[in-house]
Amino acid sequence: MDDSVFDLGRQNSSVDAKIVAGLERLGEVFRTLLWQQSRETGLSPIQIQILLFLAFHDPAKCKIGYLAAEFNLTKPTISDAVKVLAQKELVARIDDLTDSRSHSLQLTPTGQRIVDQTSGFANVLSQFVGQLNGEHKTLLYESLFALIYGLHQRGLITVQRMCKTCVHYQYDGQIHYCGLLKIPLEADLLRLDCPEHIASQNSA
Ligand code: SF4
């Protein structure tokens, strides 16, 4: 009880606690915005999240097991959500020609229409972020990046496709560098979800 960031006595005397409470509020905004889409489409929040993931990631990642790790849910939970999406003809299963037990998921044209309708659900937040000045944005992004990496190291965020967990990432103590793209990674160029990411061994 004494340690709770929701204890206002502690919260109001600690910037750490206020930051955590602020992050909780922001998480609530995402949930609210997603539920709005849910009501409009008749799909559950996780079903919408799966459709959005399929729309923006390569087929190798669009598999039940990967989705389960991505969303920190069990494979049966993801399978149930995908079954409904398939029944509604929003996704189709594509057999893996190299492994008869495996298949990936692909959006159907109807699924793509739902993505077009819902993928901007967080844009209202982008508008607020866009109003911050450049220096504040970079500081905020650096802080978020460090928090997400730390939480990944603690196992609280499972799958990451961020620079610091990538085989191509190099850091000499001063400059972050991408060995694949062969560019220095200024703070605002560090990626959170990179299509070229390959997990380094010590990031698992
Ligand atoms: S490949 Fe992508 S994730 Fe990896 S270091 Fe380069 S920019 Fe970062």
Side-chain angles (χ1 to χ4, degrees), residues 19-20 23 26-27 29-30 33-34 46 48-73 75 78 91 94 96-99 102-107 111-112 115-116 118-123 125-204:
I19 288 170
V20 175
L23 291 171
L26 290 177
V29 173
F30 272 99
L33 293 172
L34 204 47
I46 187 60
I48 294 172
Q49 286 175 292
I50 290 171
L51 293 179
L52 296 182
F53 187 90
L54 298 184
F56 299 115
H57 294 86
D58 69 67
K61 298 183 178 80
C62 297
K63 299 184 174 191
I64 300 286
Y66 196 97
L67 291 167
E70 172 78 15
F71 294 110
N72 229 349
L73 294 169
K75 282 188 191 179
I78 293 291
V91 301
I94 308 296
D96 184 339
L97 298 178
T98 60
D99 181 356
S102 175
H103 61 261
S104 59
L105 301 162
Q106 195 177 64
L107 291 175
Q112 183 60 52
V115 166
D116 295 342
T118 58
S119 60
F121 84 92
N123 286 357
L125 278 163
S126 305
Q127 289 164 15
F128 282 99
V129 172
Q131 289 168 13
L132 299 174
N133 73 36
E135 194 183 332
H136 285 169
K137 265 188 255 191
T138 301
L139 279 173
L140 178 58
Y141 182 57
E142 277 184 303
S143 303
L144 286 174
F145 195 89
L147 273 177
I148 291 167
Y149 180 65
L151 291 168
H152 173 63
Q153 295 296 95
R154 285 284 302 272
L156 291 169
I157 296 178
T158 46
V159 181
Q160 274 309 306
R161 294 172 293 275
M162 68 194 309
C163 291
K164 281 189 88 171
T165 64
C166 177
V167 290
H168 301 300
Y169 171 76
Q170 297 160 24
Y171 182 59
D172 64 3
Q174 286 190 316
I175 295 173
H176 306 280
Y177 188 80
C178 174
L180 179 73
L181 305 176
K182 305 211 180 308
I183 51 168
L185 296 165
E186 303 289 339
D188 51 3
L189 290 181
L190 287 165
R191 294 182 181 183
L192 272 182
D193 191 351
C194 175
E196 281 87 25
H197 177 273
I198 296 176
S200 64
Q201 284 198 330
N202 57 7
S203 72

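Not measured: the values here are computed from a predicted model. Counting starts at 1 for both ligands and their atoms, following the listed order. One-based numbering along the sequence shown.
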Please identify which atoms of ligand 1 are closer than 4.0 Å to at least one heavy atom of C163.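 Reading through ligand 1 atom by atom, the close ones are 3 (S), 7 (S), 8 (Fe).
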Within ligand 1, which atoms have a heavy atom of C166 less than 4.0 Å away? 1 (S), 3 (S), 4 (Fe), 5 (S)
Please state whether the rings of F53 and Y66 are parallel, tilted or perpendicular, taking 30° and 60° as the class boundaries.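 Ring orientation of F53 relative to Y66: tilted.
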Classify the side-chain pair D116/Q112 by whether it contains a donor and acceptor separated by less than 3.5 Å.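 Yes.
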Is any side-chain heavy atom of D193 less than 4.5 Å from a side-chain heavy atom of H57?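 Contact flag for D193/H57 side chains = yes.
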Tell me: protein heavy atom nearest atom 2 (Fe) of ligand 1, and distance? C194 SG, 2.3 Å
Nearest non-hydrogen protein atom, atom 6 (Fe) of ligand 1: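 The closest heavy atom on the protein side is C178 SG, 2.3 Å.
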Name the residue from Q160, H197, H152 that meets the side-chain hydrogen bond (donor to acceptor under 3.5 Å, both in side chains) definition with T165.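 Option passing the side-chain hydrogen bond (donor to acceptor under 3.5 Å, both in side chains) with T165: H197.
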